[in-house]
Each structure stands twice: as C-alpha cells, then as structure tokens.
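Contents: one structure, followed by commentary.
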Amino acid sequence: KRQEEAPIIQEAQVIDGTGKYLLPGLAEMHAHIPNPDQGEALIEETLFLYLAAGVTTIRGMLGHPRHLELREQVEKGSILGPRIYTSGPSINGNSAPDIETATAMVREQQEAGYDFLKLHPGIKLEVFDAIVATAKEVGIPYAGHVSREVGVRHAINSDYASIDHIDGYVEGLVPEEAGVDPEENGFFGINFTDLVDESLLPDLIKTTIEHDVWIVPTQCLAERWAGPVAVERVMSDPEMAYMSPETLERWRESKQNMLSNDQYDVEKTQRWIDLRRRMIKEMFDSNAGVLLGSDAPQVFNVPGFAIQHEIEMYVAAGLTPYEALVTGTVNPARYFQLGNSRGMIKEGYQADLILVEGNPLENISNLEKRTGVMIRGKWLSREELDQKLAAIAEKYAAAAGQ
C-alpha cells in the first residue's frame with residue numbers, strides 16, 4: 001500500500017544496495033589542504049582523495065585565505081570535495097612572539113571568517129593567555145598543540161576546542177616529584193614514557209570532560225611515523241601510488257632518519273605506543289569526546305586512506321568497530337553542533353554516505369570495500385572513483401619513471 005501511495009520521481013537515481021551496508025560519511029578531524037603555491041591541481045586532487053576513501057568532511061588544520069574560498073566552492077558544488085572547516089594560518093612561537101602580535105592575529109582571523117584558530121608549539125604562557133582571552137572575547141574556538149610553557153592542565157582549563165595528537169597528556173601523567181625538564185619530552189612525550197603514573201589519568205580525563213575539550217589522537221601518525229614499523233612495510237601500502245615520488249622520498253628519508261638515530265629505542269617506543277592506546281581506550285570509555293583524525297597528508301598518511309589505519313588502531317586499542325566508527329560520524333556532528341543533521345543515516349539528514357560490501361561492525365576492514373560514496377546527494381560510483389584514482393596513480397608512476 002505504501003508503495004502505491006508513494007510519489008514516483010521519474011528522474012531519481014536508483015542505487016542498488018542489495019546485500020550491502022550503508023553508513024554515514026566519515027569526518028577527518030585533523031586534515032591538511034595544500035596551499036596555492038603547491039598548485040590548484042594538487043588541491044583538487046587532495047580533496048578527491050579524501051572523498052574516494054569515504055571522507056565527506058575535513059577539518060583543515062593549517063589554513064590559508066584560499067581555503068576560505070575552497071570552503072564555499074565545495075559547498076556550492078563548483079569543486080568536488082568534502083565539506084571543509086578550516087583554521088587560520090598557524091599561531092606559534094615564531095608567528096606570535098608577543099601579546100600584541102598574537103591578539104592581532106586572533107582578531108584578524110576571526111574577522112576573515114576562519115572557523116577556528118590553530119595553535120602550534122612554542123607559544124609563551126603569557127602570550128597564550130592573551131590569545132585565549134581575545135579568542136573568547138571575539139568568539140572563535142582554538143585547537144591544536146599544547147606548548148610546553150602552557151602544559152596540558154592549563155590548556156584544558158583554558159577550554160581548548162580540541163587537543164590534537166593527545167599532545168601534552170603523557171607529560172601530564174608524570175608526577176611533579178620527578179622534576180623533569182619539559183623541554184626534554186621528545187616526540188609527544190615519548191621520552192617520559194617510563195616516568196608516567198597512569199593512576200593520574202582518570203583525573204586528567206575528568207578535567208578534560210568538565211571543560212568540554214575534545215581529543216583527536218592521530219594515532220597512525222605516532223605508529224606509522226615514529227613507531228618501529230619498517231619503512232618498506234608502510235611504503236608498500238597500495239595508497240602510496242597516489243602520492244608524488246618527491247613526497248614519498250621525503251617521507252622515506254624522514255622515517256629512516258628517525259629509526260637510525262642513536263637515541264631511538266624500539267622497546268621504549270612500543271611502550272609509548274601501547275600507553276597511547278590505553279589512553280584512547282580509557283578516554284572513550286570515560287565518555288571523553290574522541291574524534292577521528294590522522295594528520296594527513298603527513299608521513300605515510302595519504303589523504304582519506306589514512307583514516308582506515310587510524311580507525312583500525314582504535315579497534316586495536318580496544319574499541320569495538322561501532323565505537324571506532326562513532327569517532328568519525330556521530331562525534332564530529334556533536335563537535336560541530338550539527339547532531340540534528342549529520343553523523344547518522346536518518347530522514348532529513350545530509351546525504352553524505354558510504355556504501356560498502358561487507359559489514360564493518362563485524363570487521364572494520366570492510367570499511368575499505370567501498371562500492372560508492374555520496375557527498376551532498378551526489379553519487380560517486382566505484383567505477384568513477386577507480387577511474388580517477390587510476391589516473392592519479394598513472395601520473396605519478398610516469399613521473400617516477402623519468
């Protein structure tokens with residue numbers, strides 16, 4: 001009866017989902033978009049790579065005036081890409097060396113229309129406090145790294161929108177009586193791994209929740225770049241075909257330099273990775289806001305495709321596949337205060353969707369078996385995605401052969 005009463009839309013596109021699984025498009029909450037000096041072609045190619053892997057929303061973490069234009073062009077459909085939220089240019093110890101410069105940057109970026117401020121390391125404590133006061137005054141969120149002078153507890157109490165990379169949390173678990181020098185923390189606290197008192201974590205998470213600070217782990221950056229995994233192992237991932245030979249060589253050299261450093265300790269690095277996994281698990285279980293993010297394109301993190309690695313690492317940390325998917329669907333919608341229009345499959349919600357062959361709730365690797373992606377109601381079939389991906393791979397293969 002309902003079929004008889006339903007209106008017939010003559011020009012509707014029918015997509016056969018028989019035996020397949022539909023889920024909301026994913027959000028990459030620590031993404032990067034190339035700058036114009038790298039070429040418009042690379043910008044559009046990068047945006048496509050996100051979409052091809054099922055990422056329908058990105059939060060750009062190193063903004064540029066061109067990205068404001070891109071945000072509008074993508075929303076209007078004149079450029080194919082995921083929905084864009086973008087920070088302004090980096091605010092760090094060099095770009096904001098004093099209070100006057102820093103507060104001027106905050107006001108300029110808010111007036112320009114950026115979605116949030118990106119904080120990088122090196123910010124002095126008094127400058128940070130001025131940034132926070134000005135940002136709250138003009139109404140723009142701030143997110144990113146935790147400077148060493150600031151420390152994670154002061155950062156949390158200052159109401160970051162998100163702390164990315166779990167930056168500062170390892171240092172925050174080192175008892176004060178250890179008397180460590182914050183400048184000796186190493187890569188996201190790796191040097192302090194064996195000084196950590198994990199009994200301090202529940203209170204740190206409690207404060208994080210009280211101040212509504214979200215966490216973007218970027219765990220695949222930690223494991224694929226800093227971790228002891230062999231260079232050739234990560235270089236062999238199929239998605240490396242979509243990166244330029246120059247980029248791959250930079251990535252290779254960066255990891256080789258890290259692994260060959262006399263100070264590199266394989267066992268300590270693995271303990272640090274395991275610690276971060278336990279932190280992710282406890283944060284999620286405690287109802288802290290965890291957001292899916294990989295820091296792509298960064299070393300061995302290809303735009304879009306890195307999300308598969310990131311989400312698999314959350315499962316390896318102890319989250320169920322459903323919980324891991326929540327970090328890239330429901331949670332980003334809550335973060336952006338769009339829980340009534342995104343993040344779920346529901347009538348009236350935005351048509352940002354992924355169709356896959358296998359059930360990802362049974363095996364998270366089924367997320368890779370995409371038969372198509374929909375962005376703002378536009379369907380991109382597997383055939384169309386594969387055709388464009390093949391063209392990108394062929395271009396870089398030819399460049400490598402020269």
Side-chain angles (χ1 to χ4, degrees), residues 92-93 119-129 131-132 142-219 221-223 225-228 258 261-291 293 295 313-314 316-319:
N92 57 66
L119 305 185
H120 266 113
I123 301 173
K124 299 174 184 176
L125 180 57
E126 65 272 17
V127 174
F128 172 80
D129 287 340
I131 289 170
V132 168
Y142 36 94
H145 292 251
V146 174
S147 292
R148 289 170 183 167
E149 274 195 32
V150 174
V152 71
R153 285 180 172 79
H154 188 62
I156 294 168
N157 290 331
S158 300
D159 304 314
Y160 264 62
S162 76
I163 292 178
D164 294 56
H165 315 293
I166 328 182
D167 195 5
Y169 278 79
V170 171
E171 294 89 328
L173 298 179
V174 177
E176 288 186 16
E177 55 267 27
V180 298
D181 180 354
E183 296 298 321
E184 297 178 356
N185 63 340
F187 188 73
F188 295 124
I190 190 171
N191 290 344
F192 295 164
T193 299
D194 296 331
L195 300 175
V196 160
D197 179 355
E198 290 189 51
S199 71
L200 300 176
L201 184 57
D203 184 66
L204 195 55
I205 293 174
K206 180 175 179 288
T207 307
T208 299
I209 295 169
E210 289 172 347
H211 287 269
D212 195 27
V213 178
W214 293 74
I215 303 299
V216 188
T218 68
Q219 184 68 3
L221 178 68
E223 298 199 23
W225 184 12
M258 183 173 291
N261 189 302
D262 291 340
Q263 302 300 313
Y264 188 82
D265 185 328
V266 172
E267 293 181 355
K268 177 188 283 188
T269 302
Q270 190 58 55
R271 291 195 296 274
W272 172 72
I273 288 171
D274 293 340
L275 168 64
R276 286 177 56 94
R277 287 187 175 190
R278 291 194 297 274
M279 291 166 68
I280 293 169
K281 170 66 172 169
E282 189 160 347
M283 285 173 174
F284 191 93
D285 288 350
S286 300
N287 292 318
V290 178
L291 298 166
D295 199 356
M313 289 171 186
Y314 296 174
L319 275 64

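The model shown is predicted, which means the values in this text are computed figures rather than measured ones. The residues of the chain are indexed from 1 along the displayed sequence.
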Rounded to the nearest 0.5 Å, how far apart are CD of E184 and CD of E171?
12.0 Å
Answer yes or no: is there a donor N or O on one side and an acceptor on the other, between the side chain of K281 and the main chain of G318, under 3.5 Å?
yes
Side-chain donor-acceptor pair under 3.5 Å between H211 and N157, yes or no?
yes
Any side-chain heavy atom of I215 sitting closer than 4.5 Å to one from I163?
yes
In the structure I gave you, are the side-chain heavy atoms of I166 and M279 within less than 4.5 Å of one another anywhere?
yes
Between H154 and F128, is the ring centre distance below 6.0 Å?
yes
Using 0.5 Å steps for rounding, measure from the NZ atom of K124 to the CD atom of E149.
7.5 Å
Side chains of T218 and H165, heavy atoms from C-beta outward: is any pair under 4.5 Å?
yes
Charged N-O contact under 4.0 Å between R277 and E282:
no
Would you please test D194 and R271 for side-chain contact (heavy atoms from CB on, under 4.5 Å) and show each step?
CA-CA 8 Å; D194 296 331; R271 291 195 296 274; 2.8 Å; yes
Test item: Y160 side-chain N/O and W214 main-chain N/O as donor-acceptor pair under 3.5 Å:
no
Taking all heavy atoms of Y314 and all of L291, pick out the closest pair and write down the distance.
OH-O, 3.7 Å
Verify, without hydrogens or angle tests, whether D197 (side chain) and L173 (backbone) share a donor-acceptor contact under 3.5 angstrom.
no
What's the shortest heavy-atom distance between G186 and R148, and which atoms?
O-NH2, 4.2 Å
Does the side chain of F187 come within less than 4.5 Å of W225's, by heavy atoms?
yes
Decide salt bridge (charged side-chain N to carboxylate O under 4.0 Å, His left out) for E210 and K206; before the verdict, give the C-alpha distance in whole Å, the side-chain angles of both, and the deciding distance to 0.1 Å.
CA-CA 6 Å; E210 289 172 347; K206 180 175 179 288; 2.6 Å; yes
Does any part of the side chain of V170, heavy atoms only, come nearer than 4.5 Å to the side chain of V196, both counted from C-beta?
yes
Assess the pair W272 and F188: is the distance between their ring centroids shorter than 6.0 Å?
no
Does S286 reach the main-chain N or O of M283 with its side chain, forming a donor-acceptor pair under 3.5 Å?
no
So do the side chains of V132 and D159 get within less than 4.5 Å of each other, counting heavy atoms only?
no
Take Y169 and V146 through the side-chain contact (heavy atoms from CB on, under 4.5 Å) test and state the conclusion after the steps.
CA-CA 9 Å; Y169 278 79; V146 174; over 6 Å; no
V152 to D167 - nearest heavy-atom pair and separation:
CG2-O, 3.9 Å
Short question: side chain of Q219, backbone of M313 - any donor-acceptor pair under 3.5 Å?
no
Working to the nearest 0.5 angstrom, can you tell me the gap between I205 CD1 and I156 CD1?
9.5 Å
Here the pair of heavy atoms bringing I209 nearest to N287 is CD1-C, 4.1 Å
Point-to-point distance, once rounded to the nearest 0.5 Å, from CD1 of I280 to CG of L319:
8.0 Å
Could you tell me whether a side-chain N or O of Y264 sits under 3.5 Å from a main-chain N or O of A226, the two making a donor and an acceptor?
yes
Between A143 and A161, what is the shortest heavy-atom contact and its length?
CB-CB, 4.5 Å
Residue E267 excluded, over 12 heavy atoms near CD under 6.0 Å:
no
So do the side chains of V290 and P217 get within less than 4.5 Å of each other, counting heavy atoms only?
yes
Quick check: closest heavy atoms across Q270 and P228, and the distance to 0.1 Å?
OE1-CG, 3.8 Å
Within the side chain of R153, is there an N or O that forms a donor-acceptor pair under 3.5 Å with the backbone of G172?
yes
